[in-house]
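Atoms considered below: every heavy atom in the structure, side chains included; atoms not considered: hydrogens, waters and symmetry mates.
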Amino acid sequence: MTTTVTTDSRAVLAGLIRRLSGDEKHAPSAHSTIDVLQVLYDRVLRITPDTADDPERDRFLLSKGHGPAAYYAVLAAHGFIPDDWLDDLAGPESRLGHHPDRLLVPGVEIGSGSLGHGLGLGVGTALGLRAQGLLKPRVYVLLGDAELDEGSNHEAIAYAGATGLANLTAIVVDNASATHGWAGGIAGRFTVNGWTADTVDGRDHADLYAALTGHRPGRPHLVVAHVKNKG
Amino acid sequence: MRAAFIDATTALLDDDPRTALVLADISASQFAPANTRHPERVLNVGIREQLMIGVAGGLALTGLRPIAHSYATFLVDRTYEQIKLDLDHQGVGAVLVSIGASYDGSREGRTHQSPGDVALFDTLVGGWTVRVPGHPDEVAPLLRAAATTDDPVYLRLGEQRNAQAYPDADRLRVLRRGGAGAPLVVAVGPMLDPTLAAVEGLDVTVAYTHTPRPFDAAGLRALAGTDVVLVEPYLAGTSSAVVGRALADVPHRLLTLGVGRADLRRYGDPADHARWHGLDAEGLRRSLDAFLGSVRR
């Protein structure tokens with residue numbers, strides 16, 4: 001049994017993102033997270049507008065709250081929010097800000113914007129689900145490579161790995177924007193603490209799907225999605 | 001106080017499957033029996049306080065009732081942005097239970113002292129309830145009441161204590177009644193006993209509460225004459241704004257006593273720090289005499 005949304009949102013996303021940005025020149029690929037979000041909402045996450053409050057739903061936490069245009073567009077494409085919300089981004093009456101607010105936007109699991117908060121909330125969510133015997137839902141947290149500069153992430157990485165928090169997947173969209181880089185690679189920061197990791201082309205949907213569903217028993221999973229464009 | 005918290009929390013974990021405890025090593029050994037019985041609801045994240053509050057927020061998002069605990073300076077001061085964003089901004093609550101208070105860690109120094117914690121909660125929007133018990137017997141009922149809600153609650157425990165418990169003093173409870181129009185002295189939590197000693201022979205009313213937030217504004221208006229004195233075991237003046245709002249349309253004079261702003265850079269006992277901050281009975285009396293006498297004479 002599955003409640004996975006199977007719509008291929010690719011066709012409509014370009015138009016939705018244009019409504020948000022008013023930008024006719026840049027393709028959706030200008031947004032670093034667009035492909036990950038598409039694969040997640042099209043093929044991976046067991047969540048629909050009808051199950052947005054179901055305890056059994058998968059959770060998607062956008063930790064990297066910056067530049068949420070792609071996120072809003074995907075939420076609109078899947079019916080969580082009306083398309084016309086996209087026309088007034090961050091306007092005085094808009095529910096969509098430059099960082100998402102869970103109390104204003106249906107389908108948004110956490111309010112984010114200040115970097116380094118999503119993974120801790122994700123660890124707590126994963127623990128809370130497990131403690132209540134909700135073993136089917138999975139928690140996905142999307143971060144940026146520069147966001148990993150925040151030390152709070154490393155508290156969460158070490159703890160989740162040490163305790164084998166198996167219902168947690170972190171996704172790092174890596175557009176090489178961390179000021180001092182990550183010598184030795186991002187995956188190693190996680191695997192040294194006991195995570196499994198897949199590093200893939202962040203534009204390749206088949207590879208992304210395999211990585212996003214590639215978690216192994218007993219350990220939290222990391223997907224590093226490499227993209228070239230900074231966005 | 002800490003023992004009362006550990007006993008009450010252990011019982012809550014047994015009785016209510018919604019209760020979850022998040023620790024950052026502090027008190028972990030005392031919770032070992034509870035951890036054995038409820039390994040998925042007694043969570044020690046190690047010395048990671050940012051994560052402790054993030055985890056509490058995540059637990060609350062799934063419908064559990066998290067209790068997070070450490071020294072006040074690590075639980076509150078260090079994690080201020082996590083409290084602001086991972087709890088308040090997400091629209092979820094938790095029970096935060098601190099120990100250490102303003103200067104229980106007198107020998108440990110400034111790094112282990114948090115006189116400013118209650119003031120920090122006043123900067124938040126979530127409507128935090130702040131409990132400052134003055135006696136161990138006040139702890140369990142306050143904790144149990146907090147556990148049954150989803151509200152944000154801060155429980156500030158210290159080693160200073162009064163001789164007698166008043167578990168029902170969430171509003172101002174009059175313990176000493178002065179004459180008509182007598183100055184009102186409000187003692188919060190463990191400041192009650194030094195306050196009662198300080199006012200000996202003075203014509204004042206003394207009211208006690210263990211719940212400075214929400215402050216009992218109605219009780220204050222009912223009891224206050226012209227002169228109002230607040231005696232608080234944390235940063236002096238923390239409740240000035242609250243009292244000022246409560247008495248905005250009433251002519252009054254306000255003296256707020258509490259822990260001073262200076263980093264004393266001295267060790268010694270908590271009693272020494274109380275004396276240095278003017279919060280022992282003699283220091284309080286000096287401040288009261290100066291304040292009351294400044295008009296009377």
Side-chain angles (χ1 to χ4, degrees), chain A residues 53-61 63 65 97 99-105 108-135 137 139 141 150-168 193, chain B residues 12-13 16-25 28 34-35 37-68 70 74 78-94 96 125-126 150:
Chain A
D53 295 316
D54 185 346
E56 292 282 1
R57 73 189 184 279
D58 288 331
R59 268 68 164 181
F60 173 71
L61 280 59
S63 183
H99 305 114
D101 184 332
R102 71 178 289 270
L103 300 187
L104 295 179
V105 189
V108 169
E109 298 282 359
I110 61 164
S112 55
S114 179
L115 297 174
H117 287 266
L119 199 55
L121 286 166
V123 168
T125 301
L127 290 164
L129 293 169
R130 195 181 69 181
Q132 294 172 79
L134 297 167
L135 303 180
V139 180
V141 183
E150 294 285 1
S152 51
N153 292 301
H154 300 274
E155 295 190 4
I157 292 166
Y159 174 74
T163 56
L165 195 57
N167 55 346
L168 177 69
N193 286 292
Chain B
L12 272 171
L13 287 159
D16 186 351
R18 221 169 66 91
T19 309
L21 176 67
V22 195
L23 302 171
D25 273 3
N35 176 253
R37 288 199 296 282
H38 313 290
E40 296 194 337
R41 288 187 290 122
V42 178
L43 305 160
N44 178 13
V45 300
I47 307 169
R48 298 185 174 91
E49 288 86 7
Q50 297 181 79
L51 179 62
M52 173 171 61
I53 301 299
V55 163
L59 293 169
L61 285 169
T62 70
L64 292 180
R65 181 56 163 160
I67 299 171
S70 188
F74 311 135
R78 189 181 188 110
T79 71
Y80 174 74
E81 201 198 42
Q82 274 74 26
I83 296 173
K84 173 189 166 193
L85 296 181
D86 298 355
L87 296 171
D88 245 33
H89 184 55
Q90 307 304 330
V92 296
L96 306 185
V125 299
D150 285 315

Per-residue contacts, residues 54-62 of chain B versus chain A, heavy atoms under 4.5 Å: B:G54, B:V55, B:G57, B:G58, B:L59, B:L61, B:T62
A:Y159/B:N44 under side-chain contact (heavy atoms from CB on, under 4.5 Å): CA gap, chis, key distance, verdict: CA-CA 9 Å; A:Y159 174 74; B:N44 178 13; over 6 Å; no
Which atoms of A:R102 approach chain B - backbone, side chain, both or neither, heavy atom under 4.5 Å: side chain
Interchain contact, B:E49 with chain A, by part (heavy-atom threshold 4.5 Å): backbone
Approximate separation, where rounding is to 0.5 Å, of A:L121 CG and B:Q82 CD: 9.0 Å
Enclosure of A:R130 CZ (heavy-atom neighbours >12, cutoff 6.0 Å): yes
From A:N153 atom CG to B:Q50 atom CD, the distance as rounded to the nearest 0.5 Å: 9.0 Å
Test item: side-chain donor near acceptor, B:E81 and A:H117, under 3.5 Å: yes
Enclosure of B:I47 CD1 (heavy-atom neighbours >12, cutoff 6.0 Å): no
Shortest non-hydrogen contact between B:G91 and A:L103, atoms and distance: CA-CD1, 4.2 Å
Shortest non-hydrogen contact from B:L64 toward A:G128: CD1-CA, 3.8 Å
Chain A contact residues among residues 83-90 of chain B, heavy-atom distance under 4.5 Å: B:L85, B:D86, B:H89, B:Q90
Spatial distance of atom NE2 (A:H154) from atom CG (B:L51) [nearest 0.5 Å]: 12.5 Å
